[in-house]
There are 2 protein chains.
Amino acid sequence: MSKSLIELTPVQTVACCSPLMKEPLTADAAERIAPLVKALADPVRLRLLSLVASHEGGEACVCDLNDAFDLSQPTISHHLKVLHEVGLLDRSKRGVWVYYTVRPEALTDLGALIGGVAG
Amino acid sequence: MSKSLIELTPVQTVACCSPLMKEPLTADAAERIAPLVKALADPVRLRLLSLVASHEGGEACVCDLNDAFDLSQPTISHHLKVLHEVGLLDRSKRGVWVYYTVRPEALTDLGALIGGVAG
DNA sequence: CCCAGATATCGACATCTGTCAATATAGATT
DNA sequence: AATCTATATTGACAGATGTCGATATCTGGG
């Protein structure tokens, strides 16, 4: 491990880790990965991510996402922020609208970490 | 979908779902999958799972696990229970000792769901 | 049968989390 | 500028969660 884990974001940590099943996670790595998993550990955020990811071009407007749920607009905004902060979604503003896009590597790396495919 | 989701456990739900990125999760599926992800969304449980999984034969005694953490025995017991209840770990008692083993399919399926590998 | 050790359960507590209503901000249109 | 619409932020609150100490349960050995 050439770089100290301290400098890495959750996504970067996941990208460089062996699968869960191959060798024990260090306490540091676990502390760093948990927030990423936690961001996924909510039914609304799972659906949000899935909606964005499966949308045309892996990109969706907040206005569309709001309509897909029976939740207040601030609540959806909050969940999107959580997903954005851990690096699972990117934001881009175009005019009045905000578009969120998935970061496929982040999902792929996390899937590999959990699923045991070589990472 | 031939069987109602209502009859499926979290692990079974994950096993039958398309990857997050392929098509939008239904609200039902998301509600069912979230507990499984939530069980992983804690640094202690990530390490526990990783310790068990990477142990000899994918099996570890609680006594060994307790020693790996600076936490009380009831706390470790609680975390193991969480992992067991969602189906990520199996329990087996041999004499006074309790051994936990990973369910590799559960991890593999969850990894595929998140990572986008065909499920 | 009683004790000692391993693990689980209980009850309590502080902290974190999801949600909403109210409000703020920012961009487009008139 | 005034206003409308889209999104974010704030503050509040109920409920969930991680942790511990105390205690219960189970099992093997004396």
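By the 6.0 Å and 45° rule, A:R94 stacks over the aromatic ring of A:Y99.
B:L40 has its side chain within reach of B:L110: a pair of non-hydrogen atoms, C-beta onward, lies under 4.5 Å apart. Between B:D42 and B:V82 there is no side-chain heavy-atom pair separated by less than 4.5 Å. Side-chain contact between B:F69 and B:I76 is present, with at least one heavy-atom pair separated by less than 4.5 Å. Side-chain contact between A:S77 and A:L80: absent, with no pair of heavy atoms (C-beta onward) separated by less than 4.5 Å.
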Extract from the structure each pairing of a protein N or O with an N or O of nucleotides 20-22 of chain C at less than 3.5 Å, listing the distance.
residue: C:dC20; atom: OP2; partner: A:S72; partner atom: N; Å: 2.8
residue: C:dC20; atom: OP2; partner: A:S72; partner atom: OG; Å: 2.9
residue: C:dC20; atom: OP2; partner: A:T75; partner atom: OG1; Å: 2.8

Shorter than 3.5 Å, N or O on both sides, protein versus nucleotides 24-28 of chain C: list them out with atom names.
none

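With D:dT19, C:dA8, D:dT9 as the candidates, the nucleotide lying closest to the side chain of B:H79 is D:dT19. Checking C:dT7, D:dA8, C:dG18 against the side-chain heavy atoms of A:V98 singles out D:dA8 as nearest. Comparing C:dG18, D:dA8, D:dG18 against the side chain of A:Y100 picks out D:dA8 as the nearest. Between D:dG18, D:dT9, C:dG18, one nucleotide has an atom nearer to the side chain of A:S77 than all others, and that is D:dT9.
Residue order along DNA chain D, read from the 5' end via each residue's closest nucleotide, puts A:C63 first among A:C63 and A:K38. Along DNA chain C, the nucleotide closest to B:D64 and the one closest to A:V82 are compared, and the more 5′ of them pairs with B:D64.
Across the protein-nucleic acid pair, B:K81 atom NZ and D:dG18 atom C1' stand 14 Å apart, rounded to whole Å. Distance CG (B:L80) to P (C:dT7): 10 Å, rounded to an integer number of Å. The distance from atom CG of A:L48 to atom P of C:dG18 is 12 Å, rounded to the nearest whole Å. One interatomic measurement links the two molecules: CG of A:N66 to P of C:dT19, which rounds to 13 Å at whole-angstrom precision. Summarising the geometry, the separation between NE2 on A:H78 and C1' on D:dA8 is reported as 13 Å, rounded to the nearest angstrom. Following rounding to the nearest Å, A:H84 (NE2) and D:dT7 (C1') show an atom-to-atom distance of 13 Å. One atom, CG of A:L83, and another, P of D:dA8, lie 12 Å apart when rounded to the nearest Å. The interatomic distance linking B:D42 (CG) with C:dT17 (P) rounds to 11 Å, in whole Å.
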Stepwise side-chain hydrogen bond (donor to acceptor under 3.5 Å, both in side chains) test for A:R91 and A:H84: CA-CA 7 Å; A:R91 268 186 95 218; A:H84 174 56; 5.4 Å; no
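Going from atom CG of A:L36 over to atom CG of A:D109 covers 9.5 Å, rounded to the nearest 0.5 Å. Distance check: A:T101 OG1 to A:H55 NE2 gives 13.0 Å after rounding to the nearest 0.5 Å.
Enclosure of atom CG in A:D67 by more than 12 non-hydrogen atoms of other residues, nucleotides or ligands within 6.0 angstrom is indicated.
Considering every non-hydrogen atom in both B:V86 and B:A39, the closest pair reads CG2-CB, 3.6 Å.
OP1 or OP2 of C:dG18 has at least one side-chain nitrogen or oxygen of A:R45 nearer than 4.0 Å.
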